[in-house]
Amino acid sequence: MICQAVIIGGGPAGLAAALRLKECGIEDILILEREPTLGGILRQCIHDGFGLVRFKKSLSGPEYAQRFIDEIEVAGIKYLTECTVIDVTEDKIITAVSKHHGYLEIKAKAVLLTMGCRERTRGALAIPGTRPAGVYTAGVAQSYINLQDVMVGKEIVILGSGDIGLIMARRLTLEGAHVKGVYEILPYPSGLPRNIEQCLNDYDIPLHLSHTVVDIHGQKRLKGVTVARCDESLRPIEGTESFIACDTLILSVGLIPENELSLSAGVKLDSRTRGAFVDEYYQTNVEGIFAAGNVLHVHDLVDFVSLEAEEMAAHVASYLKSGSTSLGNVSVVAGQNVGHVIPQKVCGDSDFTLSLRVRQPMKNVSIVVAQNGQVVFQKKMRKAIPAEMIQAKIKAGKLKPEGDLEVTVQ
Amino acid sequence: MRDFDVAIIGGGVIGSAIARELMRYQLNVAVLEKESDVCVHTSGRNTGMLHAGFLYKPGSLKAKFAVEGNKEFDTVAKELDVPFKRTGKLIVGFTPEDRERLEYFIQRGKINGVIDMELIDRKRMDEIDSSAGGNFAVYCPSSGILDPFIYTIALAENAVNNGAEYFLNTEVIAYERLADDQHLLRTKTGEIFRARWVINSSGLRSAQISEMLGIPGYVIQLVKGEYFVLDKKAGEFAQIPVYPAPTPQFTFDTHATPTVDGNVLVGPNSINVEDGEDYSVSQEGMDGLQESGKKMFKHMKREYYIRTFAGARPKLIDPETGQVQDFVVQRPENTPGIINLVGIESPGLTCALPIARRVVKLLKDKEELTRNPAFNPVRKGIVRFHDKTTQEKARLIQKNPDYGEIVCRCETITRAEIVQALHNPLGVSTVNGVKMRTRASMGRCQGGYCEMRITALIREELGKEIDEVTLTGCGSEMFTGAVKGGMEE
């Protein structure tokens, strides 16, 4: 099978990209989705708060997704569900399997990577202790409760204050469980302020900053965890340990862009974002392979995922129409107080967006983008926190052809 | 009460190998296993090494059985469909003392019948595996790696297919010798088994069971070992198991071993423990492994961690000297009808079938056995989608569309494999049982994608209720019930 544009993953990024491609006049589009329905992770996010930026309205995850799915149907864009991609090559040959369509090989002109992200696990953190039942990542617990109607536990401890963990603190409480506390190793929360307010404070769930789980107890089902206070270098302080009896530990300790397929295609990853290196067209180091959304870098809001995917799709459309686009010459460097920045390479011939995150919470700061000592962009902010993505729109023609573009927060 | 010719206490790799070898004869065999599956303890918690046999004292059962078990394993792996690679092994050294000890082991190996070991320099090491640490090494080509879960399961399934009966969740707690020299075993749940022969292959508890059967006096030191499991991305750098030169006590410290599936195991350490079934992993232990692991494997990095685990080895020791003793495989004359195995630890996996044949011989010395003409030594495992060629994959999906549904994304395990695992001959129905049989959830996302699909399939395929879905059997329930408003069944 041959196809102009193949989109891997029918979540918020993939759906938005498909629609924009179609608007730009690309007809031969195929979305490959492993789940039985489109929508990606939004299917299990039954809480509201989606779409505030994009639709100026607070929607649930499924409602947000459905707006896109309806348009996909109207536009007649082709998609396959229950179809898992198992390989992508550098020549853009995609291998997928499906119980309905068998073993598929598709040759694509452009590949759009929109696979989203996965959750960091207990094993990756190497938390000591036993390995009983009752330890779930927040997203797994969410899918059990919201998609399968089963309850994962009664007495809950949550490690990590990522947004899904906060959402699950509220969800579990509403389902009658007792959430004993949320423990965060950092001295500030990882999740959005609105979720701290609406999911913890409104339900009197305590948030313990600078704390972590140092031991897990129970041979069969979880019996409890030991928590301890941490010092500035995030190491547990001896003598501060206390035991908390619980039958469930929920982990909300970070998301990792899901790039196993990207790697098989020879796409190079940035060790900071754990997503691809891209230029301002969202093209990876492999010509014709593009990436956007959480597979590129973990976003705070789904609205921004969709917007980024649309930007990518517009560039994919011009790539398909006019052939190769070149990876820019100017490297974008994450400077002082900046955790990471997307894209990593630009040429500056057209307008582009820089997306970045700060390393720690700061007040009254300036986002400064400079090249060869010349400031090309500056924006003042009253507060900047790692939980929120910051964007800077850079105008075409602002850049010199040579010299790193340094992004700092001062 | 159930009557059997032979009751085997403990269905690990040793008990299962014995059951399988006994099925070559016309015997009714029961395997009484305390846990919900067959490789829950030592059999499933180890490096998965097929040892060559150079480490052990000449003339010992450990030496004899390891050499014997090593030689035959290509045939065994084929017969039982067990993933196995004869990788060879490097035992690496840094100091002149290391070199001396390595040379000593080449000699010891020769006496034991391991004839092809050689001392090699760094240049040769680089040709074999540049990720290995050390300045020089002994290269032992006959060592190998195997899947310890599948090997144990395969032996058990082959035993069952040939007529043995497995009783899982069946813990023997009392023993009585009857007047006619038959044996009565009572279980925790009140079942009674009567048998003419009782075989103790209870691993970690072998000293207690031995005492219960009337053979007291053995002292077991339980030694816990902790491990890191590394991502397959690290596995790309690991071609061969890399062990450090043995300590002066002839034990090995932390080693780095590729698994048959392409991961890397770093460990174990050795910690004396009281409770052999406490498999918790400690911060100190992991800190130590990080340090010692780096010496053996240059790519021991945090980004590759996917899991930790621990196992325990039942070491039979001389209570006076503390020295580790040889395997005990005996049929004491004063306790007729009992075959007693104590202190079976490493290299038990390699020695399982030779030990089993010794047990059969001990039994045959006392009783004439009739061959079982229907015995079939061949066992077929689950056909793995991941291992197949493009054409074979297409054909598999065509024949069974369930092969087209990927359940475990990281390891590319399909619904067809999960369904086959759920209908396993032993009747195991746990999430971990599926994991050990298929590898689902052993990848980098650790079940983040597949676990909910597996639990749903357990309910769907086996008709289990929500509260009957367990990780490792009774007490490890995954769920506490339905959400509010219940579930529409």
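Source: prediction; values computed, not measured. Here is the naming used below: chain letters follow the sequence lines, and residue numbers restart at 1 for every chain.
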message: With a 4.5 angstrom heavy-atom cut-off, is it the side chain or the backbone of Phe309(B) that approaches chain A, or both, or neither?
response: both
field: Side-chain donor-acceptor pair present, Glu451(B), Tyr144(A), cut-off under 3.5 Å
entry: yes
- prompt: What part of Glu175(A) is in contact with chain B, defined as an atom under 4.5 angstrom from a non-hydrogen atom: side chain, backbone, both or neither?
  reply: both
- prompt: Measuring heavy-atom distances to chain B, does Ile216(A) have an atom under 4.5 Å in its side chain, in its backbone, in both, or in neither?
  reply: neither
query: Between Cys408(B), Cys410(B), Cys450(B), which is the residue that forms a side chain to side chain contact (heavy atoms under 4.5 Å, CB included) with Ser441(B)?
result: Cys450(B)
field: chain A contact via Arg409(B) - side chain, backbone, both or neither, heavy atoms under 4.5 Å
entry: side chain
message: Need one label for Thr470(B): side chain, backbone, both or neither, based on atoms under 4.5 Å from any heavy atom in chain A.
response: neither
Part of Arg131(A) lying under 4.5 Å from any heavy atom of chain B: both
- request: Apply side chain to side chain contact (heavy atoms under 4.5 Å, CB included) to Leu172(A) and Ile250(A), showing your working.
  value: CA-CA 10 Å; Leu172(A) 287 157; Ile250(A) 302 283; 4.1 Å; yes
- prompt: Looking at Val431(B), Thr455(B), Leu396(B), Thr414(B), which has the largest count of heavy-atom pairs under 4.5 Å with chain A?
  reply: Thr455(B)
- request: Select one option (side chain, backbone, both, neither) describing which atoms of Asp231(B) are under 4.5 Å from chain A's heavy atoms.
  value: neither
task: Just give me the residue among Cys83(A), Gly176(A), Ala96(A), Ala126(A) that pairs up with chain B most often, heavy atom to heavy atom, under 4.5 Å.
output: Ala126(A)
field: Option that, when pairs with chain A are counted at under 4.5 Å, heavy atom only, ranks first among Met452(B), Arg415(B), Gln446(B)
entry: Met452(B)
Rounded distance [0.5 Å steps], NZ in Lys154(A) versus OG1 in Thr248(A): 10.0 Å
query: chain B heavy atoms under 4.5 Å from Leu104(A): which part of the residue, side chain, backbone, both or neither?
result: neither
query: By a 4.5 Å heavy-atom criterion (distance strictly below it), what part of Glu477(B) contacts chain A: side chain, backbone, both, or neither?
result: backbone
Closest-packed option against chain A by number of heavy-atom pairs under 4.5 Å, given Tyr305(B), Tyr449(B), Tyr403(B): Tyr449(B)
- prompt: To the nearest 0.5 Å, what is the distance between CG (Leu265(B)) and CG (Asn46(B))?
  reply: 9.0 Å
message: Quick check on the interface: out of Ala416(B), Gly404(B), Pro401(B), who has the most heavy-atom pairs with chain A under 4.5 Å?
response: Gly404(B)
query: Out of Arg118(A), His217(A), Arg122(A), which one racks up the most heavy-atom pairs below 4.5 Å with chain B?
result: Arg118(A)
message: Is Ile145(A) in contact with chain B via its backbone, its side chain, both, or neither, using a 4.5 Å heavy-atom distance?
response: both
message: For the backbone of Cys246(A) and the side chain of Lys180(A), can you confirm whether one donor and one acceptor N or O come within less than 3.5 Å of each other?
response: no
Approximate separation, where rounding is to 0.5 Å, of Leu462(B) CG and Arg459(B) CZ: 12.0 Å
- line: If you tally heavy-atom pairs under 4.5 Å between each of Asp467(B), Thr472(B), Thr390(B) and chain A, the highest tally belongs to Thr390(B)
Contact origin within Glu226(B) toward chain A - heavy atom pairs under 4.5 Å: neither
field: Leu261(A) versus chain B, the contacting section by heavy-atom distance below 4.5 Å
entry: both
query: Going through the checks in order, is the side chain to side chain contact (heavy atoms under 4.5 Å, CB included) test met by Ser242(A) and Thr226(A)?
result: CA-CA 5 Å; Ser242(A) 60; Thr226(A) 305; over 6 Å; no
task: With a 4.5 Å cut-off on heavy-atom pairs, point out which of Asp215(A), Thr121(A), Asn146(A) contacts chain B the most.
output: Thr121(A)
message: Determine whether Arg395(B) and Ile397(B) satisfy the following criterion, side chain to side chain contact (heavy atoms under 4.5 Å, CB included), listing intermediate values before the conclusion.
response: CA-CA 5 Å; Arg395(B) 212 172 308 132; Ile397(B) 302 173; over 6 Å; no
- prompt: Where does Thr412(B) contact chain A at under 4.5 Å (heavy atoms): side chain, backbone, both or neither?
  reply: side chain
task: Check the pair Leu204(B), Thr42(B) against side chain to side chain contact (heavy atoms under 4.5 Å, CB included), reporting the backbone distance first and the verdict last.
output: CA-CA 7 Å; Leu204(B) 293 173; Thr42(B) 311; 3.6 Å; yes
- prompt: Would you say the side-chain atoms of His41(B) and Glu35(B) include a donor-acceptor pair closer than 3.5 Å?
  reply: yes
query: Under 3.5 Å, is there a donor-acceptor pair linking the side chains of Ser280(B) and Thr130(A)?
result: no
message: Can you tell me which portion of Ile256(A) sits under 4.5 Å from chain B's heavy atoms? Options are side chain, backbone, both or neither.
response: neither
task: Drop me the distance from Leu249(A)'s CG to Tyr183(A)'s OH, to the nearest 0.5 angstrom.
output: 11.0 Å
